[in-house]
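Take this structure, written in structure tokens, and hold onto it; I'll ask about it next.
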Amino acid sequence: MFEPVLETRNLCKSFGALTATDQVSIDLRPGEIHAVIGPNGAGKSTLIQQICGGLRPDNGQVMLLGKDVTSASTQARAKAGLARTFQISALAMEDSVLENALLGALGASGRPWRFWQRASAAVDLRDRAEAALDRVGLLDQGDKRCAELSHGQRRQLEVAVALTLAPRAFIMDEPMAGLGAAGSKQLTDLLDGLRGQAPILLVEHDMDAVFALADRITVLVSGKVIATGPVEDIRASGAVREAYLGEAA
Amino acid sequence: MIRESYLNWLILLGLLAVPIWALTADEPFTITLATRAAILALAAVGLNIALGIGGLVSFGHAMFFGIGGYVMGILAYHAQSFTPLDLGAFSIAGTKSMPIIWLVALILSGLAAWIVGLLSLRTGGVYFIMITLAFAQMFFYFSISWSTYGGEDGLSIYVRNGFPGLNTLDPIQFFGICFVLLCLVLFLNARLQGSPFGLALNAARQVPARVETVGLDPMRIKLLAFVISGAITGLAGALFADLNRFVSPTMFSWQMSGEFIVLIIIGGVGRLMGPVVGASLFVLLEHWLGGLTEFWHIYLGTILLLIVLFARGGLIGFLTGKEGAHV
Ligand SMILES: Nc1ncnc2c1ncn2[C@@H]1O[C@H](COP(=O)(O)OP(=O)(O)OP(=O)(O)O)[C@@H](O)[C@H]1O
Ligand SMILES: [Mg+2]
């Protein structure tokens with residue numbers, strides 16, 4: 001029916017005796033937000049790592065736009081259209097907000113071997129970086145050092161850097177982590193507007209956000225997919241409650 | 001507190017003023033000291049690109065310094081002895097021309113940095129320090145055993161190499177050459193730091209994972225920085241050998257590598273002018289205290305300790321009131 005943008009096929013990953021990813025097959029379709037939920041230690045971040053290239057699966061495949069990228073590097077996957085945000089903000093803390101966004105634009109440009117031009121004067125980079133900052137509402141903070149940002153602003157900057165890549169799919173690991181109600185709401189609205197641009201694989205603990213945003217939900221427990229389907233089905237099935245109460249598995 | 005951009009100009013003017021004063025006061029030895037400071041500064045500027053921006057703590061930069069020195073020594077030795085330099089398949093004549101020597105020094109030390117970088121950049125932290133040290137030690141012991149070029153005793157060059165249109169034997173003219181090269185490289189460094197490449201390198205030091213996720217390869221970026229860094233330190237090595245008209249294995253020694261790191265820490269890690277401040281102070285202390293006591297390194301060590309404990313941004317950080325280099 002749909003040609004999925006991203007797909008995992010029977011992904012498996014063990015750390016010693018611990019099976020962190022157990023035969024996980026999920027897909028991400030155009031225009032949707034697909035939420036992956038599950039208790040702490042369920043293997044959500046491990047799954048994302050395998051999708052984005054930080055970890056090699058023991059078994060199974062990762063398909064991006066119909067191509068097998070299972071053994072491709074993180075850089076190659078980013079170039080092919082994956083944009084990831086980190087559960088714990090991974091930003092250049094000593095650099096300014098604009099510089100962090102410029103880095104994303106530089107990656108998207110694919111031409112980092114420029115030694116003479118001033119980065120902040122490179123029109124192609126600057127336009128892209130500022131458009132992304134504008135989108136998340138950080139444009140007026142461009143000169144601030146990243147270390148001076150509030151936690152919420154850092155989460156927004158994470159999203160802005162992903163935006164500069166103009167990706168084919170967003171992979172977001174708990175973008176709401178540590179945000180208050182107001183920040184959460186703000187970011188929810190932002191992500192809601194993104195799905196038209198590229199689908200989002202969203203790992204999230206914040207259930208209000210998940211129910212507000214997701215088109216489909218997959219529940220992961222102990223590395224296994226215990227339920228997957230449209231939001232209403234998951235809500236009705238009680239799989240979520242089971243997952244968070246630890247009754248399943 | 002003083003703005004860093006003003007301070008930078010002041011530092012350069014200071015380094016220029018000393019030999020000009022010495023010229024009018026007829027103190028040629030002071031000119032030589034200033035030249036020594038400029039050359040050591042150049043070597044440390046090279047290291048600062050790898051260490052300060054890229055976070056690559058190389059404890060082996062004497063390797064590139066020594067390569068530059070031996071390039072000068074070997075090419076000049078064959079020129080002064082009128083013997084061809086046998087390269088296996090073919091042989092070339094030596095040369096006494098500085099520009100040619102510099103070019104060869106840049107290329108060979110850059111090439112060495114590329115190979116060493118390829119082999120060691122995958123490691124980090126202490127391992128990187130150890131591997132770069134080990135490579136430099138290999139060159140050190142090799143040069144000791146290389147009897148064709150003086151082995152342990154080193155190699156003397158009788159007349160300083162030439163530069164078109166200048167009398168390089170005149171101390172102030174040779175200082176001029178070194179100072180101009182230093183300024184050129186500092187300018188290049190400043191441009192590089194603000195360039196897209198500098199942005200990527202700066203980020204590769206702080207968060208390599210982020211650099212990867214935007215589709216860039218942090219290893220390749222660091223490797224190129226290491227090559228640029230090694231080439232600059234190699235150029236400084238060629239000038240250093242020309243200043244002394246002598247090369248020896250000490251140019252490859254770990255003490256030399258350590259000295260470069262010390263110069264950077266004194267001035268301020270990652271600061272554009274850090275190496276210039278560090279080298280100037282180092283040469284001053286070496287001269288003044290070295291005349292008073294042979295244990296002058298103790299005083300240097302004390303200063304270093306004070307800086308590490310109380311002025312994390314080095315002297316430049318102290319004077320500008322800004323601890324971080326990257327603001
Ligand atoms: N590199 C590793 N080596 C060994 N075990 C690991 C490694 N990475 C993760 N694990 C283990 O794998 C399991 C899954 O971890 P993961 O971080 O994927 O969970 P998560 O679902 O993202 O949890 P959270 O909601 O807390 O972020 C955990 O038990 C964790 O301890
Ligand atoms: Mg996680």
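Labels below follow one simple rule: chain letters A, B, ... track the order of the sequence lines, proteins then strands, and each chain is numbered from 1. We use all heavy atoms of the structure for the numbers below, so side chains are in, but hydrogens, waters and symmetry mates are not.
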Under the side chain to side chain contact (heavy atoms under 4.5 Å, CB included) test against A:Q75, which residue among B:L216, B:T213, B:V211, B:D217 passes? B:D217

Donor-acceptor pair, distance only, cut-off 3.5 Å: does the side chain of B:Q206 make one with the backbone of A:M93? yes

Derivation and outcome, side-chain contact (heavy atoms from CB on, under 4.5 Å), residues B:F197 and A:Q117: CA-CA 9 Å; B:F197 175 77; A:Q117 195 180 21; over 6 Å; no

Would you find more than 12 non-hydrogen atoms of other residues, nucleotides or ligands less than 6.0 Å from A:R195 atom CZ? yes

Audit row: A:W113, B:L224, side-chain contact (heavy atoms from CB on, under 4.5 Å) steps and yes/no: CA-CA 9 Å; A:W113 314 112; B:L224 187 64; 3.6 Å; yes

Near A:D140 CG, under 6.0 Å, is it more than 12 heavy atoms from other residues, nucleotides or ligands? yes

Can you tell me which of A:G107, A:A78, A:A119 forms the most heavy-atom pairs within a distance under 4.5 Å of chain B? A:A119

May I ask you to decide if B:G194's main-chain N or O and A:R118's side chain share a donor-acceptor pair within less than 3.5 Å? no

If you take all heavy atoms of B:R210 and A:A90, which pair is closest and at what distance? NE-O, 2.8 Å

Side chain to side chain contact (heavy atoms under 4.5 Å, CB included) partner of B:V214, the single match among A:L106, A:V161, A:T74: A:V161

May I ask you to decide if A:W116's main-chain N or O and B:R191's side chain share a donor-acceptor pair within less than 3.5 Å? yes

Using non-hydrogen atoms only, which part of A:L102 is less than 4.5 Å away from chain B: side chain, backbone, both, or neither? both

Could you look at A:L103 and say if it's the side chain, the backbone, both or neither that has a heavy atom under 4.5 Å from chain B? both

